[in-house]
Amino acid sequence: MALLLRFLLLCGIVGFTRSLSITTPEQMIEKAKGETAYLPCKFTLSPEDQGPLDIEWLISPADNQKVDQVIILYSGDKIYDDYYPDLKGRVHFTSNDLKSGDASINVTNLQLSDIGTYQCKVKKAPGVANKKIQLVVLVKPSGTRCYVDGSEEIGSDFKLKCEPKEGSLPLQYEWQKLSDSQKLPTSWLAEMTLSVISVKNASSEYSGTYSCTVRNRVGSDQCLLRLNVVPPSNKAGLIAGAIIGTLLALVLIGLIIFCCHKKRREEKYEKEVHHDIREDVPPPKSRTSTARSYIGSNHSSLGSMSPSNMEGYSKTQYNQVPSEDFERTPQSPTLPPAKFEHPYKTDGITVV
């Protein structure tokens with residue numbers, strides 16, 4: 001009887017009741033950094049599944065250096081979402097009624113550290129089921145910069161470069177000319193999908209505005225470049241001007257140094273001379289005292305002379321006193337009368 005029942009079940013003649021199962025297929029999801037990833041997990045229950053419902057999401061990090069960790073859990077009609085610090089506050093169930101068969105979650109503000117394999121487990125005794133979803137977080141191209149590497153002169157060689165600041169590989173590039181004839185040189189066509197275009201023997205026809213668009217699987221970015229090919233500049237004149245300017249600057253600096261040095265030497269010399277005069281040379285005598293000493297000495301001489309020599313001597317000696325000394329003396333000193341110890345007679349007159 002048992003063998004017959006099993007045969008009928010295999011042939012589909014008798015109805016078959018399935019246990020708990022997850023209907024969402026395994027898949028890989030790619031999202032850009034900063035976006036929200038929706039990870040689906042829908043399930044069905046059978047009448048035999050009468051136990052409490054438990055839903056568990058786990059992550060296997062991409063570096064394979066960590067064991068599987070629970071990121072969110074539903075058990076006993078409660079939600080626990082603080083198991084995994086890196087995703088705390090960024091992972092939520094999408095349904096308010098998990099018993100309805102939807103255990104999907106959202107992971108917000110995606111980061112590169114969120115890359116890994118996520119596993120959804122649903123338990124309702126005796127049924128158990130699980131599915132895996134691989135999450136890949138990519139970085140959109142951004143901060144793209146277009147510039148010319150080289151001299152934009154007729155006949156010269158240079159490169160047009162397009163470099164995004166960030167962006168997950170693989171990256172695709174597309175160059176376009178937006179101005180003038182919008183016709184690109186034939187030699188450039190092979191490089192229009194590369195990040196660098198090598199320009200050989202440039203001509204004025206290459207001038208114009210160009211755009212570079214960078215794409216990957218999650219986004220794109222664009223930059224603009226203005227190319228202006230001009231005639232060659234007079235490099236010899238520029239070099240000569242630079243040399244002359246440098247020489248003039250050196251001469252000016254040398255002149256300033258020389259003047260400063262000369263001034264310092266003069267100041268040093270003046271200080272040394274002033275110091276020597278104050279220490280080695282005695283203070284000059286007053287001219288008034290010199291004149292008085294001179295007159296005093298003459299008075300003493302007059303006192304010792306005879307009356308016969310006084311008349312001619314006094315005039316001669318007073319005339320020898322320097323005139324400038326008398327000019328500075330306000331008054332002539334009053335000479336005391338000469339005294340003679342012995343009286344004598346001259347021309348019949350007695351002199352005491």
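The minimum heavy-atom distance between Trp175 and Ser195, with the atom names listed, is CZ2-O, 3.9 Å. Here the closest non-hydrogen pair linking Ile154 and Pro232 is O-CG, 3.9 Å. Across all non-hydrogen atoms, the minimal contact from Tyr38 to Ser104 is OH-OG, 3.3 Å. Across all their heavy atoms, Ser198 and Lys159 have their closest contact at OG-CE, 4.0 Å. The two residues Pro170 and Arg217 have their closest heavy-atom pair at CD-NH1, 3.6 Å. Across all their heavy atoms, Ser75 and Tyr80 have their closest contact at O-CE1, 3.9 Å.
With salt bridges taken as basic N to acidic carboxylate O contacts below 4.0 Å, one links Asp149 and Lys161. For Lys33 and Glu166, the salt-bridge test fails: no basic side-chain N is under 4.0 Å from an acidic carboxylate O. Using a cut-off of 4.0 Å between Lys/Arg side-chain N and Asp/Glu carboxylate O, Asp114 and Lys31 are scored as not salt-bridged. With respect to the salt-bridge test (charged N to carboxylate O, under 4.0 angstrom), the residues Glu26 and Lys131 do not qualify.
In this structure, the separation between CD1 on Ile55 and CG on Leu98 is 4.5 Å, given to the nearest 0.5 Å. His92 contributes atom NE2, which lies 7.5 Å from atom CG of Asp81 (distance to the nearest 0.5 angstrom). Arg215 CZ to Lys140 NZ: the interatomic distance, rounded to the nearest 0.5 Å, is 13.5 Å. Of the inter-residue distances, the one linking Asn201 atom CG with Tyr206 atom OH reads 7.0 Å to the nearest 0.5 angstrom. Atoms CG and CG, on Leu255 and Leu250 in that order, are 12.5 Å from each other to the nearest 0.5 Å. Here Ile133 contributes atom CD1 and Cys120 contributes atom SG; the two are 7.5 Å apart, rounded to the nearest 0.5 Å.
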* To do: Take Ser179 and Arg226 through the test side-chain contact (heavy atoms from CB on, under 4.5 Å) and record every step on the way to the result.
  => CA-CA 10 Å; Ser179 61; Arg226 174 63 186 175; 4.1 Å; yes

* In sequence, state the C-alpha distance, the side-chain angles, and the governing distance for Phe43 and Thr23, and then conclude on side-chain contact (heavy atoms from CB on, under 4.5 Å). => CA-CA 6 Å; Phe43 60 92; Thr23 59; over 6 Å; no

* Where do Thr117 and Ile59 land on the side-chain contact (heavy atoms from CB on, under 4.5 Å) test, with the steps shown first? -> CA-CA 6 Å; Thr117 302; Ile59 181 175; over 6 Å; no

* side-chain contact (heavy atoms from CB on, under 4.5 Å) evaluation trace for Leu73 with Tyr83 -> CA-CA 9 Å; Leu73 172 68; Tyr83 285 96; 3.4 Å; yes

* To do: Go through the steps for Asn106 and Thr94 under the test side-chain hydrogen bond (donor to acceptor under 3.5 Å, both in side chains), then give the verdict.
  => CA-CA 6 Å; Asn106 279 334; Thr94 59; 5.8 Å; no

* To do: Go through the steps to decide whether Glu48 and Lys124 satisfy the test salt bridge (charged side-chain N to carboxylate O under 4.0 Å, His left out), and finish with yes or no.
  => CA-CA 9 Å; Glu48 298 177 356; Lys124 189 173 178 61; over 6 Å; no

* **Full working for salt bridge (charged side-chain N to carboxylate O under 4.0 Å, His left out) between Lys99 and Asp77** => CA-CA 9 Å; Lys99 295 179 180 180; Asp77 294 333; 3.4 Å; yes

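Using a 4.5 Å heavy-atom threshold, the side chains of Ser211 and Cys223 count as separate. In this structure the side chain of Ile72 reaches within 4.5 angstrom of the side chain of Phe93, judged on heavy atoms. A 4.5 Å side-chain heavy-atom check between Tyr173 and Thr193 finds every atom pair outside the cut-off. Residues Trp57 and Val91 have side chains not in contact (no heavy-atom distance under 4.5 Å, counting atoms from C-beta outward). By the 4.5 Å heavy-atom criterion applied to side chains, Tyr74 and Asp54 are not counted as neighbours. Residues Leu39 and Val107 are in side-chain contact: their nearest non-hydrogen atoms beyond the backbone lie under 4.5 Å apart. Taking the side chain as every heavy atom from C-beta outward, Ile115 and Leu135 never approach each other to under 4.5 Å. Residues Leu160 and Val196 have side chains not in contact (no heavy-atom distance under 4.5 Å, counting atoms from C-beta outward).
Other residues, nucleotides and ligands place no more than 12 heavy atoms under 6.0 Å from the CG atom of Asn96. Heavy-atom contacts from other residues, nucleotides or ligands closer than 6.0 Å to CD of Glu205 number 12 or fewer.
With hydrogens and angles ignored, the 3.5 Å screen pairs a side-chain donor or acceptor of Asn216 with a backbone N or O of Gly219. In this structure, the side chain of Asp86 does not engage the main chain of Ser113 through any donor-acceptor pair within 3.5 Å. A donor-acceptor pair is defined here as one N or O able to donate and one able to accept, closer than 3.5 Å; such a pair exists between the side chain of Ser168 and the backbone of Val139. Listed for the Thr144 side chain is no donor-acceptor partner under 3.5 Å among the backbone atoms of Asp221. Thr24 places a side-chain N or O within donor-acceptor distance of the main-chain N or O of Lys42, the cut-off being under 3.5 Å. Arg90 places a side-chain N or O within donor-acceptor distance of the main-chain N or O of Thr108, the cut-off being under 3.5 Å.
Linking ILVMFWY residues whenever their side-chain heavy atoms come closer than 4.5 Å, directly or via other members, places Val229 and Leu225 in the same cluster. Ile105 is connected to Ile29 through a chain of hydrophobic side-chain contacts under 4.5 Å among Ile, Leu, Val, Met, Phe, Trp and Tyr, so both are in one cluster. Residues Ile79 and Tyr118 fall within the same hydrophobic cluster, defined by Ile, Leu, Val, Met, Phe, Trp and Tyr side chains chained together at heavy-atom separations under 4.5 Å. By the criterion of side-chain heavy atoms lying less than 4.5 angstrom apart, applied directly or through intervening Ile, Leu, Val, Met, Phe, Trp or Tyr residues, Met28 is grouped together with Leu138 in one hydrophobic cluster. In the hydrophobic cluster analysis, where Ile, Leu, Val, Met, Phe, Trp and Tyr join through side-chain heavy atoms closer than 4.5 angstrom, Leu171 is grouped apart from Leu112.
Classified by interplanar angle (parallel below 30°, tilted 30° to 60°, perpendicular above 60°), the ring pair Tyr210/Trp188 is tilted.
Residues Ser220 and Thr213 have side chains that never bring a donor and an acceptor to within less than 3.5 angstrom of each other. Looking at Ser95 and Asp102, their side chains never bring a donor and an acceptor atom within 3.5 Å of each other.
On the SG-SG cut-off of under 2.5 Å, Cys212 and Cys162 qualify.
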